[in-house]
Every structure is written in C-alpha cells, then in structure tokens.
Number of protein chains: 2
Amino acid sequence: MLESQRRAVSRGTMLRRERDPADGLWVLQSGWAVSALGMPDGSRQITKVHLPGDVMGTPGAALSGGTETVSMLTGGMVSTFSRAQLTSVFRDHPRLSALFFVLVQVERLSLCDRLASIGRTDARARIAALLLDLAHRSRLADPAMGDRLALPMTQEDIGDAVGLTAVHVNRMMRVLADEGLIEREAGAVRLLDEANLARISGYVSRWSEPDTSWLPKPAE
Amino acid sequence: MLESQRRAVSRGTMLRRERDPADGLWVLQSGWAVSALGMPDGSRQITKVHLPGDVMGTPGAALSGGTETVSMLTGGMVSTFSRAQLTSVFRDHPRLSALFFVLVQVERLSLCDRLASIGRTDARARIAALLLDLAHRSRLADPAMGDRLALPMTQEDIGDAVGLTAVHVNRMMRVLADEGLIEREAGAVRLLDEANLARISGYVSRWSEPDTSWLPKPAE
DNA sequence: CGGTAATTTGAAGAGCCTCAACTAGGGTGG
DNA sequence: CCACCCTAGTTGAGGCTCTTCAAATTACCG
C-alpha cells in the first residue's frame, strides 16, 4: 500500500510554508488548494491551483530546500506520501517512475502555457484562460458538471494566479459577463461560450492524453 | 552508450517546431538555444533559454503532441537522445530515472520563479532576474567567467523571455546601466553589482545543489 | 561596401495599478 | 435576535508603466 495517512484539513491550513524543510508530498483527495511563491514586497504568485486528485508538493519532495507554500482554499482531505515511499517507487517500479516523469512534464508544460498567458496576453485573456483551465480539469473528475464551474477562489486569489490586482480582476470579469461569455454566481461561474473564451485567450487543453507508448512495459 | 549522434547546427535552426510529432530529446553541447511557445497573435513566449549542458525537448519526448519550438540562438552542437533510449533508462536504471525526475523538478521550480517574476515584478526587475539567472548558470560551466556574461540574445529575444517589448527592454537596460548595476558590451553584459541586482529582482538561485539523499542507491 | 538586422530615441496613448469609498454577506457575541 | 465586525466584492478617479508607432542611428554580414 503506497499511500499512508489521510488527514482532514480546514480552509486556510498551510500544509507547507516556503522555508520549511523538505518532506514528502500530498495527494489532494477533496477540496481545493494552491501552491504559491512569496515575493519580497509581500505579494505572492500562485503557481498552481490544485483540484481533487492532484499531487501537491513534488518540488519539495525532490529538492532540498523548502520551495512553495501549499495552502488550502477550502476544507478537504489530503493523503501524505513520504520521501521513503518515493524512493521505493523509483527503485522497484520502472513504469510507475516513468509515469511520474510524464506527470511532471504535463505540469511543466502547463506552467509554460501560463507563462505565455501572463507574459503575452492582456488581463481579460488571462482570466479566460484560467477559467477554461479550471473547467477542463474539473470536467475530468466530473463530466456531468456542464458549464457550471465551482470556483472557491476570491478575486484576490485569481489576481495572484494570473498576475493582476483584485480590482482589475473584478472589472475584467464584469467585462466577460457583459460580453455574454460568462455568468457569475456565488462561488461559481457559468462558462456560456467556451469556444469564444478559448479564442480570445489562446487556450489549448494539455490534459487530453499523455503519451504512454514509450513507457517500459508493465512486465512484473 | 546512451548518447547517439552529435550534430552541428547553425544559428536559427529550428530543432523542433510546435506542431511536430514527438520524437526524442537533445543535449546541447555548445551554443545557446531557446524553447518557445507561439501565440495566436504571432508573438511568442520564450519558456527557457538553454545553455551548454542543458537537456532540451523533454516535454516533446514524454508527451504525444509537439509542444514547444526549440531553436538555436547561435551555432552549436547538439547530441540526440531517442525515445527508445529514454525507455531503457527508466527500465534499467532506477537511480538515473530519479535523477531525471529531480532535474525536471528543478526546471519546474525555475519556471515558477519566472512566473512570479513576470506576474509580480516590473520590467527592470524582470530583466535583472533574467541576467542573474543566466549568469549563475553560465558560472556553473565556467567559474572563471567573472562578472562578464556572454549574451547572444537580441533585445527582442530578451523581451520574449520576460514578457516585454524590445523597445522597453532597451530603455530598462539603459536604466540598469545608468544606475551602475550593469555595463553593456557587444554581445555581453558585465554585472557590476549582483547583490543589488538580486535585491531589486527578488532573485534566488535554485541551482545550488539538488537533494540526492532520497534517490535509490547506485547499487548495480 | 551595400543591405539588412539590431539598437536607440521620441511622442502619444492604452492598460493596469493605486487609493479610496461604499455595499453586501456571514459569522459572532452581547 | 440584533448589532457589530470582518471579509469580499464593487465602483470611481487619477497616475504611472508599458506599448505602439515612427524614425534615425549603429552594428553586422555577405
């Protein structure tokens, strides 16, 4: 059995702070979380919004120093993975090791997409891209969600994710709503026109199907 | 023998275009290269500047679709790695697999840093952070380089890397020079005050020493 | 040496931020 | 049960950063 303890965590819990020593990693079983980097001036950059099923804290597991702050946006359940377990995976399960490798590559590519979004598109497009990304990933877990995306993030959180202020996030979401692209509800958003949202944001889904053809056979 | 052909490539060569089918990966033996994503409007975001010794094209090797465009900034030498070779590494070399994993984590973290730089700092700080990053990495290969960083990038390239226009890159580099933080030469930059460059950019080096304590023993 | 790419500089405007005030909800304690 | 507070969202005004457009200058390469 690879996973160990399950643990209930409440909203706002920090699973790891930036300077904490490296330990294991987590799998988010339910709820939402974020990984973030703090800046010297006190602001922060959210590097990833975690949905149920996501593996969190891999950089901290693989590298020496603490790296990102991982904190809960909602209450939820996490299960922990120790470093020793990671070691044994690489020693004993070649195919699983390669799958880990693929998984990190997907994350890496997703980061590149967000880099391009923040570096090369305007505020409206960045928010559209974030919403589409969250919607596509939510849909993997819940294909029946339709166009309604549960969104337990404040506008400040959204701003920290896409490099904007909360004030400007507010204005741009109003614009998207006025254009009929989204509809806003309490703690949720309806994506009324995903095709146009994708067009204005340049969003492409990377979550289709990773290529497993090159992995070692599941021999043993 | 894991590496295969070495190949000389000239400046401007595109090793892979964004939509190309997935193949292997490369190790850059000499010269500089960049990985980039193209945007619908024709602009591009450079996701990584590659220095000699870097592994390039890992996402394309691990995932199905083509992903990033990899192109040479200067002439140089690359050696290629096929997907089949990657498969055999994961099957037969647990420790090497884990090292690959660590390597990708370092890259991932480095991307997070740049995300924070672009999302949360101004133009001057972004350029300072890029210069420091390149200097630290160059220094790993050539500890004797002193404060002189060879920089075979146009200002347009720099802008594409940090999310700015070439015009504004030009102005900000002039500001850095006027402040006495850098000194500009043809195809190179002197970093006159790395401490202050780090202070204004919030740069922290991630290239110190990855933690290898958890890796499987180099048994066989 | 001619031609093209890269850098430099100026001026004007757009986009986003800052500051500030106000509104709405949700929880808490009296 | 209501008063209060604290968080989150909303809206306006003004200013600064960065972009855009344009032109001139310099460096590079055949």
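Order of the sequence lines fixes the chain letters, A, B, ..., with proteins taken first and strands second; residue numbering starts at 1 for each chain. Here the structure is a predicted model, which means the values were calculated and not measured.
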Could you grab the distance from atom OG of S35(A) to atom CD of E107(A), nearest 0.5 Å is fine?
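It comes to 8.5 Å.
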Just verifying a value: how many Å separate W26(B) CH2 and F81(B) CZ, rounded to the nearest 0.5 Å?
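The distance works out to 13.5 Å.
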With a 4.0 Å limit, can you tell me whether [X] has a side-chain N or O closer than that to the phosphate oxygens OP1/OP2 of [N]?
| X | N | result |
| --- | --- | --- |
| N170(A) | dT10(D) | yes |
| Q155(B) | dT8(C) | yes |
| R124(B) | dC16(D) | no |

Please name all residues satisfying side chain to side chain donor-acceptor pair (under 3.5 Å) with T121(B), sequence neighbours left out, ordered by chain then number.
none
The side chain to side chain donor-acceptor pair (under 3.5 Å) partners of T74(B) (sequence neighbours excluded) come to none
Shorter than 3.5 Å, N or O on both sides, protein versus nucleotides 17-24 of chain C: list them out with atom names.
unit_1, atom_1, unit_2, atom_2, d
dC17(C), OP1, T165(A), N, 3.4
dC17(C), OP2, T165(A), N, 3.3
dC17(C), OP2, T165(A), OG1, 3.1
dT18(C), O4, R171(A), NH2, 3.3

R137(A)/D54(A) salt bridge by N-O under 4.0 Å criterion
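Answer for the salt bridge query: yes.
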Pair D122(A) + R126(A): basic N to acidic O under 4.0 Å:
no
Looking only at atom types and distance, does a side-chain atom of S110(A) sit under 3.5 Å from a main-chain N or O of V106(A), one as donor and one as acceptor?
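Not a single qualifying donor-acceptor pair exists.
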Donor-acceptor pair, side chain of R7(A) and main chain of T80(A), under 3.5 angstrom:
no
What pairs with D41(A) under salt bridge (Lys or Arg N to Asp or Glu O under 4.0 Å), at least two apart in sequence or on another chain?
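Testing D41(A) for salt bridge (Lys or Arg N to Asp or Glu O under 4.0 Å), a comparison that skips the adjacent residues, returns none.
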We want to know whether T47(A) and E68(A) form a side-chain donor-acceptor pair, criterion being a heavy-atom distance below 3.5 angstrom.
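Result is yes, a qualifying pair exists.
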What are the residues of residues 174-183 of chain B, sorted by number, that bring a heavy atom to within less than 4.0 Å of DNA chain C?
R174(B)
Could you tell me the separation between the CD1 atom of I118(A) and the C1' atom of dG15(C), rounded to a whole number of Å?
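In whole Å, dG15(C) C1' lies 16 Å from I118(A) CD1.
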Figure out the CE/P separation between M172(A) and dA14(C), and round it to whole Å.
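These atoms are roughly 15 Å apart.
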Throw together a table of side-chain donor-acceptor distances under 3.5 angstrom for residues 156-163 of chain B, partners on residues two or more places apart or in other chains.
unit_1, atom_1, unit_2, atom_2, d
D157(B), OD1, R44(B), NH2, 2.7
D157(B), OD2, T154(B), N, 3.0
D157(B), OD2, T154(B), OG1, 3.2
D160(B), OD1, R120(A), NH2, 2.9
D160(B), OD2, R44(B), NE, 2.7

Which pairs would a plain distance check flag for residues 142-153 of chain A, meaning a side-chain donor or acceptor within less than 3.5 Å of a matching protein atom at least two apart in sequence or in another chain?
unit_1, atom_1, unit_2, atom_2, d
D142(A), OD1, A144(A), N, 3.1
D147(A), OD1, R190(A), NH1, 2.8
R148(A), NE, E185(A), OE1, 3.0

Working note: E194(B) + R139(B), criterion salt bridge (charged side-chain N to carboxylate O under 4.0 Å, His left out); need CA distance, chi angles, decisive distance, verdict.
CA-CA 13 Å; E194(B) 296 195 35; R139(B) 200 166 278 143; 2.8 Å; yes
Evaluate the side chain to side chain contact (heavy atoms under 4.5 Å, CB included) criterion for residues R11(B) and M72(B): first the C-alpha distance (whole Å), next the side-chain angles of each, then the deciding distance (0.1 Å), finally the verdict.
CA-CA 5 Å; R11(B) 184 184 127 100; M72(B) 297 298 298; 5.7 Å; no
Listed partners of Q155(B) passing side chain to side chain contact (heavy atoms under 4.5 Å, CB included), at least two apart:
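By the side chain to side chain contact (heavy atoms under 4.5 Å, CB included) rule, Q155(B) matches V169(B), N170(B), R184(B).
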What residues from residues 35-44 of chain B pass a heavy-atom cutoff of under 4.0 Å to DNA chain D?
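Per residue number, the list is empty: none.
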Quick one: which protein N/O atoms are closer than 3.5 Å to N/O atoms of nucleotides 25-30 of chain D? Pair and distance per line, please.
none

What bend angle does the helix from dC1(C)-dG30(D) to dG30(C)-dC1(D) show across its length, from five-pair end axes and to the nearest 10 degrees?
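Comparing the first five pairs with the last five, the axes sit 50° apart.
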Starting at the 5' end of DNA chain D, which residue's closest nucleotide do you reach first, T154(A) or D122(B)?
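Result of the comparison: T154(A).
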Could you note down all residue pairs passing salt bridge (Lys or Arg N to Asp or Glu O under 4.0 Å) where residues 69-82 of chain A supplies at least one of them, sequence neighbours left out?
none
